[in-house]
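Structure record follows, encoded as structure tokens.
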There are 2 protein chains.
Amino acid sequence: MKPTTLTRKQEICITAARLFKQKGYSAVTMRDLAAEVGVKAASLYNHITSKEEILNEVILNIAESFTQGIQDIRLEDTKVAQKLEAVIAQHVHLTADNPYGMASLNNDWMHLGEGKEKYLSLRSTYEQHFREIIKEGKAQNVLKDIDEEVILFSTLGTLRNLYLWIPKKADLQRSKLIDSLCETLLNGVKTA
Amino acid sequence: MKPTTLTRKQEICITAARLFKQKGYSAVTMRDLAAEVGVKAASLYNHITSKEEILNEVILNIAESFTQGIQDIRLEDTKVAQKLEAVIAQHVHLTADNPYGMASLNNDWMHLGEGKEKYLSLRSTYEQHFREIIKEGKAQNVLKDIDEEVILFSTLGTLRNLYLWIPKKADLQRSKLIDSLCETLLNGVKTA
DNA sequence: ATGTAAAACTAACGATTGTTAGTTAATATT
DNA sequence: AATATTAACTAACAATCGTTAGTTTTACAT
């Protein structure tokens, strides 16, 4: 393992994620991927065992980061408002670091084979942690009495789509983006 | 044209949209679609000319509804806040009426052939109308001084994902959902 | 320099893809 | 009842899919 340089397998997975975002998992052929890596299709199999394994690698890594991250946030000894801000910040950071992986996670998870159960479990756990934070917020009267699911999926809906426009707005600094998103998602867009 | 009963072509497109949501356009084969319609694959071609035409039919119809709708809203003689609520309501209605088409529009537009330009143009026009409403809101001090793009894509991010959870929350009445979404998106989730 | 292992290559496989050709059955029109 | 049209069918096509087998080149340790 060389942490400094990139394994060929990692290079393949990163390239694959980029193609998956462009055309979707099913429309990307091993020959497409090979050409982009600069190699013949058969050569890929010296580094990976199947196309499906690539998807597993791309999606599960990022999914685990999200679920582990929100679990840590939930257990932090901070106020609910700070936890919500931390969740938003995590989404921005993980998405900015890996927008292509986020696209695959959002759009191609159903093509996972063996790893689909694991993914669905991670997603369910993530949502459950988020729900608990929201419940805590409502109990402490920090959050309004709006349907939990509406709060959850409204917020998550915006955050899940970050991968679509973060690359276009590279000029927008991360910290400024996080601030704007927190203000927008938590306090709304209308003036008081 | 029989408006009361369903054309075979329409039936094919509706079935196709449902499959496109499940597996994505590329992963749905004409044999899959035919089996679901209850017919052999070759028979589909008595009603459609290609797989791509189906995608055009599914996506462009709904895209036109959105763009026409927001244009009407923008020209309404109402306050900005009402326009924003109308945009949210339109999203809920169009999505609830056709969640599968919305999924295809979100995830499979890049597989459009001839119709891709038209789609991109419609989407661009839609976003431009939305931007203008936001500008109007900021000018009248109805909206906070937050980056326009953040407001646009934050709101749109939530609305674009409605198709993912509207079917699961069929119990949630439309009008109640619209109210909750307006409150959440416009006034935020935190207590004042 | 020499040998070894990693990673590239060519060639091909069986399966599946969207689609067409040609034909038969069902439906509607005269 | 005869005919014309619509829509189903079977069969097959060329192309492309993920993947494997076998071979050659590259890179590095000795």
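Proteins get letters first, then strands, A, B, ... in listed order; numbering begins at 1 in each. Please read all numbers here as calculations on a predicted model, not as lab measurements.
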DNA chain D in dot-bracket form (Watson-Crick or G-U pairs under 3.5 Å, [ ] crossing, | inter-strand) is ||||||||||||||||||||||||||||||
Starting at atom CG of L33(B), determine the distance to atom P of dT17(C), rounded to an integer number of angstrom.
13 Å
L143(B) side chain near T191(A) side chain, heavy-atom distance below 4.5 Å
no
Can you tell me if R31(B) touches the phosphate of dT19(C), counting only side-chain N or O atoms and a distance under 4.0 Å to OP1 or OP2?
no
Distance-only donor-acceptor check, side chains R8(B) and H47(B), under 3.5 Å:
no
Nearest whole Å is fine: how far is dA6(C) C1' from I48(A) CD1?
16 Å
N/O (side chain, H47(A)) to phosphate O (OP1/OP2, dA8(C)) under 4.0 Å:
yes
Can you tell me if OH on Y100(A) sees more than 12 non-hydrogen neighbours from other groups inside 6.0 Å?
no
In whole angstroms, how far is the C1' atom of dT20(C) from the OH atom of Y45(B)?
9 Å
Would you mind classifying the nucleic acid contact of T29(B) as base, sugar-phosphate or nothing, using non-hydrogen atoms under 4.0 angstrom?
sugar-phosphate
Would I88(B) and V142(B) show up in the same hydrophobic cluster when neighbours are defined by side-chain heavy atoms closer than 4.5 Å?
no
Of all nucleotides in DNA chain D that come within under 4.0 Å of a heavy atom of chain B, which is furthest toward the 5' end and which toward the 3' end?
dA7(D) to dA12(D)
